[in-house]
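Working notes for the structure below.
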Amino acid sequence: MSDSAALHEHANRLAVEGGQPVRTTSLPWELPGAHWIGDEELELVSRVIRARSPFRFYGPDLQHMVDNLEQEWCTAFGHKHALGVSSGTAALSIAMAALEIGPGDEVLVPGYLWVSCVSAVVRAGAIPRLVDIDDCFTLDPADVERKIGPHTRAVLMVHMSGAPGRVAEVARICRERGVSLIEDCAQTAGASQDGKAVGTFGDIGIFSFQLNKNMTSGDGGMVVTERDDLYRRIVALHDLGYPRTAQGRLDTSDVECQLWGVGARMSELTGAMCLAQMRKLPLITHAMRSAKWQIRAAVEDLPGLTLRTIPDPKGDTGPFLLMVLKDADTANRFVAALRAEGIAGPPGSLACLTMREWGMHWYSNIPSLVNKRSNSRDGAPWSLPSNAFATDYDYGIGALPRCDDLQDRGALLTIASTLTPDDVSDIITAIRKVARVILA
Ligand SMILES: Cc1ncc(COP(=O)(O)O)c(C=O)c1O
């Protein structure tokens, strides 16, 4: 063999089999908003510190960071009401309580989700009912239609991995069947479908600003609604159970609004971070979306590789490329080969994974759900007489065939918000190189 033929052969041989990897430097961390933290965040947070006023409702020199964030959020995404809170998990609990969900009720949840989605239902005293997903990796409208029953009070549509699925259809079913729709937009800040922002399809929408999200303040969240009645309850619930006066003091006088709060206010420091980050959100999501769709366009012809369906690519925020392979063994070998080609992040990051490695994003990987755990000694909500209708509900693997199949055969690549053209080109080269051998 000539030298150049040997070199060519070495470059074409998979790195996992001793060939030359496509790249030797790691890809950036996947944390979308964190890469963009800079002077703007520093300036707004410093203002709060200089004013010695980190509490949102009153203080010596209030900077109104959370107020401004909520107003800009409503303007940017077309919501009537937005309320900053301390986390997405708290936001989900607030949503359940705002809709008066409790014992005797059932909430439909997808099998591809995050543990917080189930814990909000269980802590409300209600029963989660699993619904299968479709090729969008979100609620399958046909299964929603099938599973709505006499105890169903709400459907929780979780817009997973950066993009909405068939949300308009699910919203229509909910309207027709008289059940509430909660949208979990934790992973989709800035996303839309057919020009309509996520969080505006249902009764209540929630967002998270935890470190892995499209924009971040480390921790934080938002609750949105178009309904005045719900907003009043949401405000009381996120705080101490009561509304506030114009002076920011608790108002116990309204007999219609005397509730139990969850203590999930957003601080002005968090509000300042979020405000700076939300102003960058269009840039962050544009960067991820354009990198991801370049990659999709360059690999979509590969036989044996199926990409997740995204009904409206313009509304995708882009942080994840979801791929489906022939079977579990192929998915394992495909991901191992990609990692060996250098398609991996720095130590500790989760850049390139099989879907089976994606932890509590899958119902069957949530031990407290599978084992029906309780926070209290009486075993509630599972043991409550009003929840006896759900005694037979089973949450172990096998409950949702489509979910189990996509978990088995799926692979996930995170799309960092700071990929360079060279990074994108390396990802494409690596996927094509690995596919030629593994998917042949
Ligand atoms: C789909 C989904 N829902 C809810 C949450 C909870 O958000 P947080 O971590 O802010 O509590 C997350 C993220 O962690 C999530 O991915």
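Below, all heavy atoms of this structure are taken into account, side chains as well, without hydrogens, waters or symmetry copies. Every number for a ligand or one of its atoms is a count from 1 in the order of the listing.
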Original post:
Looking at V158, which atoms of ligand 1 are within less than 4.0 Å of one of its heavy atoms?
Top reply: 1 (C)
**OP:** Within a distance under 4.0 Å of any heavy atom of Q210, pick out the atoms of ligand 1 and give their elements.
**Re:** 9 (O), 10 (O)
Original post:
Is the shortest N/O to N/O distance between G88 and ligand 1 below 3.5 Å?
Top reply: yes
Subject >> Atom pair CD (E145) and SG (C174), whose distance is rounded to the nearest 0.5 Å >> reply: 9.5 Å
**OP:** State whether F207 and K213 meet the cation-pi test: NZ (Lys) or CZ (Arg) under 6.0 Å from the six-membered ring centroid, and within 45° of the perpendicular axis.
**Re:** no
Original post:
What about F209 and W73, are their ring centers closer than 6.0 Å?
Top reply: yes
Subject >> Residues R402 and D143 bridged, charged N to O under 4.0 Å >> reply: no
Original post:
Which residue and non-hydrogen atom of the protein lie closest to atom 16 (O) of ligand 1, and at what distance in Å?
Top reply: Q187 NE2, 2.8 Å
**OP:** Would you confirm whether E40, through its side chain, and Q277, through its main-chain N or O, come within 3.5 Å as a donor-acceptor pair?
**Re:** no
**OP:** Check T89 against ligand 1 and report side chain, backbone, both or neither, counting heavy atoms closer than 4.0 Å.
**Re:** both
Original post:
Is there a nitrogen or oxygen of D184 sitting under 3.5 Å from a nitrogen or oxygen of ligand 1?
Top reply: yes
Subject >> Atom indices of ligand 1 within 4.0 angstrom of S87 heavy atoms, with elements >> reply: 10 (O), 11 (O)
Original post:
ligand 1 versus S116, non-hydrogen atoms closer than 4.0 Å: side chain, backbone, both, neither?
Top reply: side chain
Original post:
According to the interplanar angle, ranging from 0 to 90°, do the rings of F77 and H79 count as parallel (below 30°), tilted (30 to 60°) or perpendicular (above 60°)?
Top reply: tilted
Original post:
Is K213 in contact with ligand 1, taking contact as a heavy-atom separation below 4.0 Å?
Top reply: yes
